[in-house]
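Notes follow the structure.
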Amino acid sequence: MPVTDFEPIYLDHAATAPVDPRVALLMYACLQDSTLQGNPASVHAPGRAAAARVELARAQVARLVGALPESIVFTSGATESVNLAILGAARAGGAKFRHIVTARTEHRSALGACRQLEREGFTVSWLAPGADGRVDPAQVADSLRPDTALVSLMHANNETGVLNDIDAIGRSCRERGLVFHVDAAQSAGKLPIDVDGCGATLLSFCAHKLGGPKGVGALYVRRQPRPALQPLIFGGGQEGGLRAGSLPTHQLAGFGAACELALASLPAEAVRIRALRERLWAGLQGAAPLWRNGAAEPSVPGILNVRFPGIEGESLLLALDGRVAASSGSACNSAAAEPSYVLRALGLSDLAAQASLRLSLGRGTTEDEIDRAAELIANSVRRLRAALPLGAIETIA
Amino acid sequence: MPVTDFEPIYLDHAATAPVDPRVALLMYACLQDSTLQGNPASVHAPGRAAAARVELARAQVARLVGALPESIVFTSGATESVNLAILGAARAGGAKFRHIVTARTEHRSALGACRQLEREGFTVSWLAPGADGRVDPAQVADSLRPDTALVSLMHANNETGVLNDIDAIGRSCRERGLVFHVDAAQSAGKLPIDVDGCGATLLSFCAHKLGGPKGVGALYVRRQPRPALQPLIFGGGQEGGLRAGSLPTHQLAGFGAACELALASLPAEAVRIRALRERLWAGLQGAAPLWRNGAAEPSVPGILNVRFPGIEGESLLLALDGRVAASSGSACNSAAAEPSYVLRALGLSDLAAQASLRLSLGRGTTEDEIDRAAELIANSVRRLRAALPLGAIETIA
Amino acid sequence: MIAAPVSYSPLVRRLFDQLPRAGGLAPGPGQLVHGEARALDRGAWVRLDARIEGGYVADCAFRAWGCPHVLAAAALAAAHSSGQPIAGGLPIDAYRMAAEMDAPEEKLGRLLVVEDALRAMLANARALQLR
Amino acid sequence: MIAAPVSYSPLVRRLFDQLPRAGGLAPGPGQLVHGEARALDRGAWVRLDARIEGGYVADCAFRAWGCPHVLAAAALAAAHSSGQPIAGGLPIDAYRMAAEMDAPEEKLGRLLVVEDALRAMLANARALQLR
Ligand SMILES: Cc1ncc(COP(=O)(O)O)c(C=O)c1O
Ligand SMILES: Cc1ncc(COP(=O)(O)O)c(C=O)c1O
């Protein structure tokens, strides 16, 4: 197992955040508690105790986004939530509503769901964001058609951290009585979210980006007016028939606790993390030339996407390997790294996208880590640049 | 929270089994381990360490059913696995294959998926089992048509424990090159399963019925010949594109460990549990008249379904409440209890189905518990019968 | 999306646990009557046995098949009848049973079966007096 | 369904960590030549600088942009060239680089760019001798 003997500085919280030790302990208590081992769907005492624990978690999760507990559907993660929202709303929309509005910079789960809808005969308007990474609300309004079934856009982008103006977009959807799905996987627990204020009909998020466990998520489903949804998974009638399957008590308990902890520390953490991010940006200036991808603000506090002209992504990652854990601007979960489609949509070339690094901070991130990471990254960039052919910095930007 | 101050005897392992303490501890270690907090899809060191842990779990899970690790797709549970198998294979089958074969006694997840396929224009042959609860392999063979896309049947029934002859059914599917899905949620870890021997193309199971955590499952997908499957959840390309979403390392680690433990103790546990079940059946004779629902054998070791003429299910459950946790013959997760469709399909009347009790044993079940449970149940039955109008025992059977 | 499991009020639990007045009547003076109502599809079958003395229900017992609410309601009906004149109104009806037991809405149908048994018992008692 | 992350052999790791012969040449006797190949779409841009003395490559250094395998291969090419006659065959080709580095299949395209740079350098060196 390729584990280094010292631990790298973890700056990949946008991929997944470490589980909060308090959450881990609570989940262990839940896994061990002999009174909580029943199936929450069973009516006997162990079942009712598990169900009560689940409902407590539902209330905690709901509170994070200002929702009623009854409007929360538990899922296996944000990918499933996003799919349930997009496929579910579109497939339930009927033959007259066969048009979807989304953007090119959405997460793969949304792209995948929308591509599947295209295969099913839907038409998708793929909006292009500006160079700042934001989707223009006026462009959304212009793209709406009489047969539009759904608008699906993300709150914070997972690569650049840039925020869409979901309030404004929500308003134009609400005026037209349209279903509006917001992918809040990167913003829930990081920024205040109020489902009523933002006009979302559906809102996806998950536990593992905010200190909870992987493998559990939620879809907020507005009650009035209530959007029709076709389930992805059929069966035992759990979650109001929208999502069958035995509810995982310990996972939901962990999700609930993580939401409560995130909510409690939200304003202070947002300020702290944003300040650390700007400190990192300042510390990286020793590796100039460098550029910031996407607008600096408005953004989610913990994401910084930097472009180092002349640098090749895989080499930068290996130079940092075991020292700084971060994501490059390529979909690097295979040997054949493809450049990030998000950065490409912002107008970057393939090479510029590959010269980019996403650094994402989280609850555990310290000032000392930020200072060390900045130095390590700047040193690696300088070392790699020292070996470049002349003109490479200007060519690869 | 309606928890009693002493713990009931838990005889509802078929609904969910308590997490094995060794599995819980391992999951906690995983949740706490700072080197395992990465996303298994990330290429940096924490990601690779998590991915290695996931692949270890995949090998353990595969071994339980005699499969290659590459043929295991991780899901959020058996409900999702069953849906992915049924909806996935049917939707991928093309316009010429629009017929499904299944049985009336399948789990709700299979019924739900097949009903959805009916709404999508598929024709479903709903086979009726005999009074013994078994689906006749000849009946399956007879029901096959040139346009059959899929045969989906369970190995062990979750209410009666009765086994289908999946080897024989698998043979006739294999001869015709048909996709055969086996729902092994109740038998995996309880009986030896060999995916090659039984001719299954797809096989569903989950962790929480065999000492692992809730919220995680697997679908075995044969490699050669490989059935086409349309995913339910689209996105990041995880699980060979069949199931998107960040992999939950701790859940998979727990699933893998539970499979390994179950496999190690399988032959001895099967003998022990079967003996305890027969001891329970003997101990209940003090509540005669009583009948066994479904054939006594072949069956999964831990399930006993008993009918007590003259007894009303909700009253029996309340009489046992806090003493014995078991399931009645009604879908009792709502106030309006519907009689079990499984028992109805075996030829029981509504009232006879409601006079039934499913008692399911598991790893923690002891001889002492069995003896106490038998006495408690027999006493409750006698007490309720003492209050019956004359003739009720003969009428309600 | 919250599944509500059946819940029982303390009164229902107590009556169900003790089943007071269940079974046959204790021997004593007076005349025996009974009333029965049966609606298996609604989940109830109730029989009330009573001893009638001087225009009053001297004692009343029940036998019943049904859910805990039915058993508890039958026990209530037997208790409320005892000591009551047979000529008056119903000593308790399904709505008052439901209220006393804090029973969920969907149980009302079966409580009406208990009321039917009570009505039948009292009608039989009155018929006996007229003879 | 197993995702295979990029893996690097110990040799690649060592060469990448140290980048031996990266940058400019140390001053010395002889004549300077270079060879360059660039295929940004394939992920490689390599320049080899060499000092030629008496028909031999007295010293060779590289500059490169690319993934770790490209940088390591460029370092290999520079090392293998040093001390070799410019008249002989290639001191190392893409296939031997791949084998020595245990590089995955899909990296071969970019290793050929390194080979191109090496060929170009040697061709330039031979042209210089003919003049
Ligand atoms: C914006 C966004 N949406 C959806 C997801 C999918 O979340 P999950 O990993 O829970 O499937 C992610 C994270 O990967 C994300 O960043
Ligand atoms: C036969 C059978 N199939 C499928 C399932 C669904 O499993 P899960 O609870 O993991 O969704 C169960 C258990 O509820 C089952 O018994």
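Letters go in sequence order (proteins before strands), and every chain restarts at 1.
Looking at heavy atoms from C-beta onward, D/Tyr8 lies out of side-chain contact with A/Asp321 at the 4.5 angstrom threshold. Using a 4.5 Å heavy-atom cutoff, the side chains of D/Leu71 and A/Glu312 are not in contact.
For a residue to count as touching a neighbouring chain, one of its non-hydrogen atoms must lie under 4.5 Å from one of that chain's; by this rule A/Ile396 touches chain D with the side chain only.
Inspection of non-hydrogen atoms places D/Ala22, D/Gly23 of residues 21-33 of chain D under 4.5 Å from chain A.
Within 6.0 Å of atom CD in A/Glu375, 12 or fewer heavy atoms from other residues, nucleotides or ligands are found, so the atom counts as exposed in its surroundings. Summarising the local packing, CH2 of A/Trp281 is surrounded by more than 12 heavy atoms from other residues, nucleotides or ligands at distances under 6.0 Å. At most 12 non-hydrogen atoms from other residues, nucleotides or ligands lie less than 6.0 angstrom from CD of D/Glu105.
D/Gly66 and A/Ser315 make their closest contact through O-OG, 2.7 Å (heavy atoms, listed as atom of the first residue, atom of the second, distance). Residues D/Asp17 and A/Arg383 approach most closely at O-NH1, 3.0 Å, considering heavy atoms. Across every non-hydrogen atom of D/Arg63 and A/Ala386, the tightest pair is NH1-O, 3.9 Å.
Among A/Thr395, A/Leu390, A/Leu388, the residue making the largest number of heavy-atom pairs under 4.5 Å with chain D is A/Leu388.
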Residue pair D/Trp65, A/Leu351: steps toward the side-chain contact (heavy atoms from CB on, under 4.5 Å) verdict
CA-CA 11 Å; D/Trp65 169 89; A/Leu351 297 178; 3.4 Å; yes

